[in-house]
Amino acid sequence: MLNRRLFIASTAAAALLPQAAQARVLRLPSELVNEIGNLPGRIVLGSARPDATLIEFFDYNCGYCKRTATEVRPLIKADPDLRYILINYAILGAPSIEASRVALAASMQPIEGGYLALHEKLFALRGRVEATRALQVAEGLGVKRDKMIADADSDRVTKALVAASQLGENLGLAATPSFVGGREAVVGYLDIAAKRRAIANLRKCEGLGC
């Protein structure tokens, strides 16, 4: 199994981690990291010609993901050379899978404000997020409901969710949020200051910790 190749990275990388989130750093096989760029359903934000790319695996019912959702827009607004990729990684049960199905279906249509607007509004909801609530939010952003429902049940969306789930498991991403940059991953929440340090490290040494 490729998972056996994962190992805890250097103490330099570990300095990124907030203790409250109990995050940990993993070193990743390059062949797995390269698969992220081919994942169906990935949402690419920020620069079209980046010098650093940070990838977030998230779940719409993850408490720490709710925090990090408010930090994506400030990061890409302040850093024109940053690419930020969102991966729907629904690992917290059936409601999360439903919400991700709707979000991925919505991404196939024009969304007022783009996918990030939908992402922020879904995380702004209180309580559990599932299909009905996700549909209401997306519809409020101009997404056509009937098409969205049909697309949510499509093979295309199913394949995207399965591919993300399988790759996340192979990468050892046992919790959300998880962040990948270069050949390293952080499993657990990073606040915005830690994200900025990670991005600076990506530019310096092509890893989350130098």
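Nothing here was measured: the structure is a model prediction, and the numbers come from that model.
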So, the side chain of Lys195 versus the backbone of Leu190: is there a donor-acceptor pair under 3.5 Å, distance only?
yes
Quick one: do Glu130 and Val102 satisfy side chain to side chain contact (heavy atoms under 4.5 Å, CB included)? Show the steps, please.
CA-CA 9 Å; Glu130 35 66 51; Val102 171; over 6 Å; no
Does any non-hydrogen side-chain atom of Val186 lie less than 4.5 Å from one of Ser178?
no
Taking Arg27's backbone N and O only, do any of them form a donor-acceptor pair with Glu184's side chain (distance below 3.5 Å, no angle check)?
no
Audit row: Leu208, Val25, side chain to side chain contact (heavy atoms under 4.5 Å, CB included) steps and yes/no
CA-CA 9 Å; Leu208 297 179; Val25 180; 5.7 Å; no
If I take atom NE2 from residue His119 and atom OG from residue Ser107, how far apart are they, to the nearest 0.5 angstrom?
12.5 Å
Backbone N or O of Leu75 within a donor-acceptor pair of the Asp79 side chain at under 3.5 Å?
no
Under a 4.5 Å cut-off applied to non-hydrogen side-chain atoms, are Ile55 and Val33 in contact?
no
Tell me whether Arg42 contacts the main-chain N or O of Leu39 through its side chain, where contact means a donor paired with an acceptor under 3.5 Å.
yes
Listed once per pair and sorted, the salt bridge (Lys or Arg N to Asp or Glu O under 4.0 Å) pairs that draw on residues 48-70, sequence neighbours left out:
Asp51-Arg203
Let me confirm one number: the CG-CD distance from Asn170 to Glu31, rounded to the nearest 0.5 Å.
10.0 Å
Provide the closest heavy-atom pair for Glu112 versus Ala117 in the form atom of the first, atom of the second, distance.
O-CB, 3.6 Å
Quick one: side chains of residues 148-156, donor-acceptor pairs under 3.5 Å with protein atoms, not counting sequence neighbours, listed by atom name and distance.
unit_1: Asp151; atom_1: OD2; unit_2: Lys147; atom_2: NZ; d: 2.6
unit_1: Ser154; atom_1: OG; unit_2: Asp151; atom_2: O; d: 2.6
unit_1: Ser154; atom_1: OG; unit_2: Val157; atom_2: N; d: 3.3

Under 3.5 Å, is there a donor-acceptor pair between the side chain of Glu98 and the main chain of Ala131?
yes
Please check if Ile91 and Leu104 belong to a single hydrophobic cluster, counting links between Ile, Leu, Val, Met, Phe, Trp and Tyr side chain heavy atoms closer than 4.5 Å.
no
NZ (Lys204) and CZ (Arg197) are apart, to the nearest 0.5 Å, by 13.0 Å
Are the side chains of Phe123 and Tyr60 in contact, using a 4.5 Å heavy-atom criterion?
yes
Please assess Ile85 against Leu45 for the test side chain to side chain contact (heavy atoms under 4.5 Å, CB included), listing each intermediate value before the final yes or no.
CA-CA 6 Å; Ile85 298 177; Leu45 306 171; over 6 Å; no
Hey, does the side chain of Tyr89 reach the backbone of Leu173 with a donor-acceptor pair shorter than 3.5 angstrom?
yes
Given side chains that start at C-beta, do those of Pro80 and Ser47 come closer than 4.5 Å, heavy atoms only?
no
When you compare the side chain of Leu161 with that of Ile97, does any pair of heavy atoms fall below 4.5 Å?
yes
Less than 4.5 Å apart, side chain to side chain, heavy atoms only: is that true for Leu26 and Leu171?
no
Could I get the full list of side-chain contact (heavy atoms from CB on, under 4.5 Å) partners for Ser165, not counting sequence neighbours?
none
When rounded to the nearest 0.5 angstrom, what is the spacing between CG in Leu86 and CZ in Phe58?
5.5 Å
State plainly whether one hydrophobic cluster holds both Leu125 and Leu135, where clusters connect Ile, Leu, Val, Met, Phe, Trp and Tyr through side-chain heavy atoms under 4.5 angstrom apart.
yes
Correct closest heavy-atom pair for Ala99 and Ala134 would be CA-CB, 4.3 Å
On a heavy-atom basis, the closest approach of Val143 and Ala106 is CG1-CA, 4.0 Å
Leu54 side chain reached by Phe179 side chain, heavy atoms, under 4.5 Å:
yes
With no hydrogens and no angle check, do the side chains of Arg128 and Ser96 hold a donor and an acceptor under 3.5 Å apart?
no
Atom CG of Leu32 and atom CD of Glu169: how far apart are they, to the nearest 0.5 Å?
11.5 Å
For the residue pair Phe57 and Gly168, what are the closest heavy atoms and their distance?
CE2-CA, 4.3 Å
Could you tell me the separation between the OG1 atom of Thr176 and the CD1 atom of Ile87, rounded to the nearest 0.5 Å?
13.5 Å
Shortest non-hydrogen contact from Asn88 toward Ala164:
O-CB, 3.5 Å
Tell me, do Asn61 and Pro95 make a side-chain contact under 4.5 Å, heavy atoms counted?
yes
In short, Pro74 meets Ile192 closest at the heavy-atom pair CB-CD1, 4.1 Å
Heavy-atom donor-acceptor pair, Arg83 side chain to Pro50 backbone, under 3.5 Å:
no
So, Gln109 side chain and Lys144 main chain: donor-acceptor pair closer than 3.5 Å or not?
yes
